[in-house]
There are 2 protein chains.
Amino acid sequence: MKNQAAGSSSDRIVVAATRMAQAHGYGGLNIRDLAQDVGIKAASIYHHFASKADLAAAVAKRYWEDSAAVLEALATESADPLVSLRRYPETFRKSLESDNRMCLSSFMAAEYDDLPEGVKKEVQAFADVNVAWLEKNLREAKIVDAQRARQRACAIYAAVAGAQLMARGRADIALFDTLMDSYRQAGLLPG
Amino acid sequence: MKNQAAGSSSDRIVVAATRMAQAHGYGGLNIRDLAQDVGIKAASIYHHFASKADLAAAVAKRYWEDSAAVLEALATESADPLVSLRRYPETFRKSLESDNRMCLSSFMAAEYDDLPEGVKKEVQAFADVNVAWLEKNLREAKIVDAQRARQRACAIYAAVAGAQLMARGRADIALFDTLMDSYRQAGLLPG
DNA sequence: ACCTGAACACCGTTCAAGT
DNA sequence: ACCTGAACACCGTTCAAGT
């Protein structure tokens, strides 16, 4: 929590890198383009992060931390866990709204084989945070047996991530919405 | 259908490239490594395919053609559409069994922004083939209203693809199986 | 027809040198 | 502390030259 003044060089690098990684993945995260985006030279990136792997780990870490905060805010705002659950897909929809971008962790899950260990860890943390949040709200809403809450939470996470992936592959947000409707009709998501 | 003698150079390039792309995506498809894998030099690849884009398009095309054949065989083998539907996830499970690889089209859907137009087309064809097969079997099995068969087909495809992605992100096939169980329990997949 | 070495402009990364 | 130009080994790709 020290030295995170808004707009610091490191901050702006992480923000720009996040946007880039959500569109092009870890492999497509280009240090030269990133530097240009931030307004410095490629070599200068390495003053802030020891390597591309370190930068990506920082990006993925802040990504799940921010997501956790958004989900907490959503739960507080909704009060009713059932309403929170209904609104869960919104978080994934927002990425698509932002230039057809996708969840950083989904993209990087695909890139699993090429991910440095430190990045893998943070990518999985994102899934963990989402599943834990879903599980908690499923329990509170008493939609499924308490013992099956975690299983169902995983299923919802995987299905929503898959829907985002399919919608991105067609650059079609309406498809994402249709898929959420189908999940509700089928009984996977609460109606 | 002419000149496709098994084991021809072009064939072996496509096969090797497919395996590579299922693990590393379009961006991670490396011409030099691919050439070495096939036993020729990088420059020689360009004798068979005009560009990486052309190669990837051929790869993606053969990928959905092969998938279509596998699905047709599955339907013929099962006879009962309900059984076919139950076995649908097997096709995605097989990729995970093969060194935690994933569906080429899912990986490339993530890489949407960086995909040449000719590749995008073939990637979408894969989804189309899968959705059409699911829709047909859903109709025949009379599991959902005929008018909602297509919608449900999309939902199943997206959910299974998402499950594969999540399982790959943890290199955990058992998770894929658990997710399929959850989908069945929730009512998305036929029990 | 099929293959190749050498070259091109590009990548991540390093490092010595600047302020 | 922060930045940079120049260099390194690597990429996709081209092309003239080989058999």
Side-chain angles (χ1 to χ4, degrees), chain A residues 2-21 23-60 104 107-108 111 113-120, chain B residues 2-21 23-60 104 107-108 111 113-120:
Chain A
K2 40 184 109 154
N3 255 352
Q4 290 219 349
S8 80
S9 243
S10 295
D11 265 2
R12 282 167 49 235
I13 291 170
V14 169
V15 170
T18 303
R19 287 182 60 83
M20 208 171 273
H24 308 286
Y26 177 76
L29 180 56
N30 180 315
I31 302 292
R32 278 184 168 89
D33 289 351
L34 175 62
Q36 189 173 4
D37 196 357
V38 177
I40 56 181
K41 298 293 170 183
S44 306
I45 298 284
Y46 291 86
H47 175 71
H48 300 276
F49 300 94
S51 64
K52 181 177 170 177
D54 274 20
L55 167 60
V59 164
L104 184 73
F107 208 139
M108 290 191 172
E111 293 176 296
D113 288 354
D114 303 312
L115 243 40
E117 207 49 54
V119 181
K120 256 180 208 164
Chain B
K2 42 182 110 153
N3 256 351
Q4 290 219 349
S8 80
S9 242
S10 296
D11 263 2
R12 283 168 48 236
I13 291 170
V14 169
V15 169
T18 303
R19 287 183 59 84
M20 207 171 275
H24 308 287
Y26 176 76
L29 180 57
N30 181 314
I31 302 292
R32 278 183 167 89
D33 288 351
L34 174 63
Q36 189 173 3
D37 196 358
V38 177
I40 55 179
K41 298 293 169 184
S44 306
I45 298 285
Y46 292 86
H47 176 70
H48 301 276
F49 300 93
S51 63
K52 180 177 170 177
D54 273 21
L55 167 60
V59 164
L104 184 74
F107 208 140
M108 291 190 171
E111 293 177 294
D113 289 354
D114 303 313
L115 243 40
E117 207 49 52
V119 181
K120 255 181 211 165

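Below, read A as the first sequence line, B as the second, and so on, with proteins coming before strands; counting in each chain starts at 1. Note that the structure is a prediction, hence the values are computed from the model and not measured.
- Across all their heavy atoms, A/Ala60 and A/Leu104 have their closest contact at CA-CD2, 3.8 Å.
- Stretches of at least 3 consecutive Watson-Crick or G-U wobble pairs, with each checked distance under 3.5 Å, appear in DNA chain D as C:4-8 with D:12-16, C:12-16 with D:4-8.
- For A/Lys120, the salt bridge (charged side-chain N to carboxylate O under 4.0 Å, His left out) partners are A/Glu117, not counting sequence neighbours.
- In this view, B/Ser10 and B/His48 satisfy the side-chain hydrogen bond (donor to acceptor under 3.5 Å, both in side chains) rule, not counting sequence neighbours.
- With sequence neighbours left out, the side-chain contact (heavy atoms from CB on, under 4.5 Å) criterion links A/Thr18 to A/Val14, A/Gln22, A/Val59, A/Tyr63.
- Near-neighbour residues of DNA chain C inside residues 45-56 of chain B, defined by a heavy atom below 4.0 Å, number-ordered: B/His47, B/His48.
- The stretch residues 24-36 of chain A touches DNA chain D through A/Arg32, each having a heavy atom within less than 4.0 Å of the strand.
- Evaluation of the side-chain hydrogen bond (donor to acceptor under 3.5 Å, both in side chains) rule for A/Asp114 yields B/His24 as partners, not counting sequence neighbours.
- A/Ala57 approaches A/Val119 most closely through the heavy-atom pair N-CG2, 3.7 Å.
- Counting 5' to 3', DNA chain C first comes under 4.0 angstrom of a heavy atom of chain A and last does so at the ends given by C/dC11 to C/dC15.
- Annotation: the span from A/Leu115 atom CG to A/Phe107 atom CZ amounts to 11.0 Å, rounded to 0.5 Å.
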Residues 26-39 of chain A, side-chain donor-acceptor partners within the protein, below 3.5 Å, at least two apart:
| residue | atom | partner | partner atom | Å |
| --- | --- | --- | --- | --- |
| A/Asn30 | OD1 | A/Arg32 | N | 2.9 |
| A/Asn30 | OD1 | A/Asp33 | N | 2.9 |

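- A distance of 11.0 Å separates CD1 of A/Ile13 from CE of A/Met20, quoted to the nearest 0.5 Å.
- Across all non-hydrogen atoms, the minimal contact from A/Ile40 to A/Ser44 is CD1-CB, 3.8 Å.
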